[in-house]
Amino acid sequence: MTKFADIRSKVLAGERLTFDDGVYLYSPEVDLNELGALANVVRERLNGNFAYYNINTHLNPTNVCIYRCIFCAFRADLKDERGYVMSDEQILARGREAVESGCTEMHIVGGLHHQRKFDWYLNIIRILHEAYPRLHLKAWTGVEINWFQHLTGWSLEKILTTLREAGLGSLPGGGAEIFHPEVRDIICEHKADAENWLDIHRTAHRLGLRSNCTMLYGHIEKAEHRIDHLVKLRALQDETGGFQTFIPLAFHPDNTKMADIKKPSSLMDLRTMAVSRLMLDNIPHMKAYWIMLGIGTAQTALAYGADDIDGTVRHELIYHDAGAETPEILSVEDIKNLIIEAGREPVERDTLYHRVVREGTRWETSEPIAVGV
Ligand code: V47
Ligand code: SF4
């Protein structure tokens, strides 16, 4: 039996793949289409023909950041003329715009501002939640939560509980990058390490908050680092079951300190999606983030393991600052059509994967969407 045939029989039998299997799936001798077809079996086992999307908006309250991750084109220094900090009025105006355009979710992340205290970050959640209680606030990455620990000296439990009481709905998956220190110490040595990041999500899950997880690929990392990363996420998911969605994030080099590196090809994007679907056997959803992949690759990814395409998205800065050429926003019709064109059935979901029933900008959630994990 060839190594790939062996892996295929394990997947068909529902057996877990090993670290070595994962590294092998990145080798050029593994045919991408065969790999994609195998990932598609798992994708359809878990999510049938559905492809999920949501109606969401982004809010990046400041780009001023004390850290200097070398892959980041978004951050600015305190005195940089690009630097901005949004006022409460501007933040609330974004909330109003979101609600008036029918959004169910606001995705909030930003820089670690040199002079803002935890109260400033907490207040953003509080004022938005008080004004727009139906808008789900998916806010602050593990890196930001770790920064709040430095700012306050509080326990993780206290920080997360305080944020939740103010209106936090869930945590987004950012800040994971690549866990392995051989890479992390070069691309973002100052920020939360793997253990910190994982512990924050572990604690969030224990307190009943759901979260997402990501991996930033296509820069200096090797297949071994990617698989190490996936295996660490899988182990935490075995413990808690709290991750909803994994989002592989393709590196965009423009305006970063790694601008000399070419961005990963669509073939690498599809391979990473497929390998992730096969390795992360306990995470229900894989997201093809169209902003980052481009629309064509995101559509193709729906046959290579992905079952979610993120949302309509408004006001995205992190990828557009780093050279993404995708539009700033897609209409609901555009999203549905791109899913239908890919041969899948579009399903609007809320952040926690309940089905959304909608008439224009008015919506209700109905039953949780059943998945196979
Ligand atoms: O952590 C920053 C990445 C992340 C670049 O949870 C870059 O639903 C590529 O995590 N090239 C933030 N990537 C975005 C994120 C995310 C996106 C969509 C959905 C969800 C979710 C989460 O963006 C950062 C970092 O890994 N990033 N700069 C860049 N130049
Ligand atoms: Fe700051 Fe986040 Fe950019 Fe790192 S990725 S420099 S933490 S804004």
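Ligands are counted one by one from 1 in listed order, and the atoms in each one are counted from 1 as well. Since the model is a prediction, treat every value here as computed from it, not as a measurement. For the single chain, residues carry numbers from 1 onward in sequence order.
Below 4.0 Å from some heavy atom of I247 lie the following atoms of ligand 1, by number and element: 6 (O), 8 (O), 20 (C), 21 (C). With ligand atoms numbered from 1 in the order given, ligand 2 contributes 5 (S) to contacts under 4.0 Å with heavy atoms of F71. For ligand 1, the atoms closer than 4.0 angstrom to any heavy atom of N212 are 6 (O), 8 (O), 21 (C). Taking every non-hydrogen atom of A322 and a distance limit under 4.0 Å, the qualifying atoms of ligand 1 come out as 30 (N). Residue contact check: P172 has heavy atoms under 4.0 Å from atoms 6 (O) of ligand 1. Atom numbering of ligand 1 starts at 1 in the shown order; those under 4.0 Å from a heavy atom of T214 are 10 (O). For ligand 1, the atoms lying closer than 4.0 Å to a non-hydrogen atom of G174 are 1 (O), 10 (O). Each of the atoms 1 (O) of ligand 1 lies under 4.0 Å from some heavy atom of G175.
Using a 4.0 Å cut-off between a side-chain N of Lys or Arg and a carboxylate O of Asp or Glu, K263 and D254 do not qualify as a salt bridge. The pair D310-K287 counts as a salt bridge, with a side-chain nitrogen and a carboxylate oxygen less than 4.0 angstrom apart. The pair D193-K191 does not meet the salt-bridge criterion, since no charged nitrogen lies less than 4.0 angstrom from a carboxylate oxygen. Taking 4.0 Å as the cut-off between side-chain N and carboxylate O, D21 and K3 count as a salt-bridged pair. The pair D228-K232 meets the salt-bridge criterion, with a side-chain N (NZ, NE, NH1 or NH2) lying under 4.0 Å from an Asp/Glu carboxylate O. Salt-bridge formation is detected for the pair E221/R226: a Lys NZ or Arg NE/NH1/NH2 atom is positioned less than 4.0 Å from an Asp or Glu carboxylate oxygen.
Remark: distances from the non-hydrogen atoms of K287 to ligand 1 include one below 4.0 Å. Using a 4.0 Å heavy-atom cutoff, A250 is listed among the residues neighbouring ligand 1.
The N/O atoms of T256, backbone and side chain alike, include none that comes under 3.5 Å of an N/O atom in ligand 1. At a 3.5 angstrom cut-off on N or O pairs, L249 does not count as close to ligand 1. For H107, no nitrogen or oxygen atom sits less than 3.5 Å from a nitrogen or oxygen atom of ligand 1, counting backbone and side chain alike.
Relative to the six-membered ring of F50, R355 meets both conditions, a distance below 6.0 Å and an angle of at most 45° to the axis.
Given atom 2 (Fe) of ligand 2, the protein heavy atom at minimum distance is K191 NZ, 4.4 Å. Among protein heavy atoms, the minimum distance from atom 11 (N) of ligand 1 is reached at H252 N, 2.8 Å. Among all protein heavy atoms, the one lying closest to atom 17 (C) of ligand 1 is Y289 CE2, 3.6 Å. In this structure, the protein non-hydrogen atom closest to atom 6 (O) of ligand 1 is G173 N, 2.8 Å. Nearest to atom 7 (S) of ligand 2 among the protein's heavy atoms is C65 SG, 3.7 Å. The shortest contact between atom 13 (N) of ligand 1 and any protein heavy atom is with Y319 OH, 2.7 Å. Annotation: atom 24 (C) of ligand 1 to nearest protein heavy atom, E177 OE2, 3.8 Å. Nearest protein neighbour of atom 4 (Fe) of ligand 2, counting heavy atoms only, is C69 SG, 2.3 Å.
Here the side chain of S9 pairs a donor or acceptor atom with the backbone of D6 at under 3.5 angstrom. Looking at R206, its side chain never comes within 3.5 Å of a backbone N or O of E157 through a donor-acceptor pair.
Taking all heavy atoms of L317, I318, D254 into account, the minimum distance to atom 2 (C) of ligand 1 is reached by I318.
Heavy atoms of C72 found under 4.0 angstrom from ligand 2 belong exclusively to the side chain. Here F71 has heavy atoms under 4.0 Å from ligand 1 in both its backbone and its side chain.
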Y353 vs H285, ring-ring contact (aromatic ring centres under 6.0 Å, His included): CA-CA, chis, key distance, verdict: CA-CA 10 Å; Y353 286 83; H285 303 290; 3.8 Å; yes

After noting the C-alpha distance and the side-chain angles of S101 and R314, does the key distance pass the side-chain contact (heavy atoms from CB on, under 4.5 Å) rule? CA-CA 10 Å; S101 49; R314 241 170 228 265; 3.5 Å; yes

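Between F179 and W197, the two ring planes are tilted [angle within 30° to 60°].
Within 6.0 Å of atom CD in E195, 12 or fewer heavy atoms from other residues, nucleotides or ligands are found, so the atom counts as exposed in its surroundings. For K10, the NZ atom counts as densely surrounded, since its 6.0 Å shell holds more than 12 non-hydrogen atoms of other residues, nucleotides or ligands.
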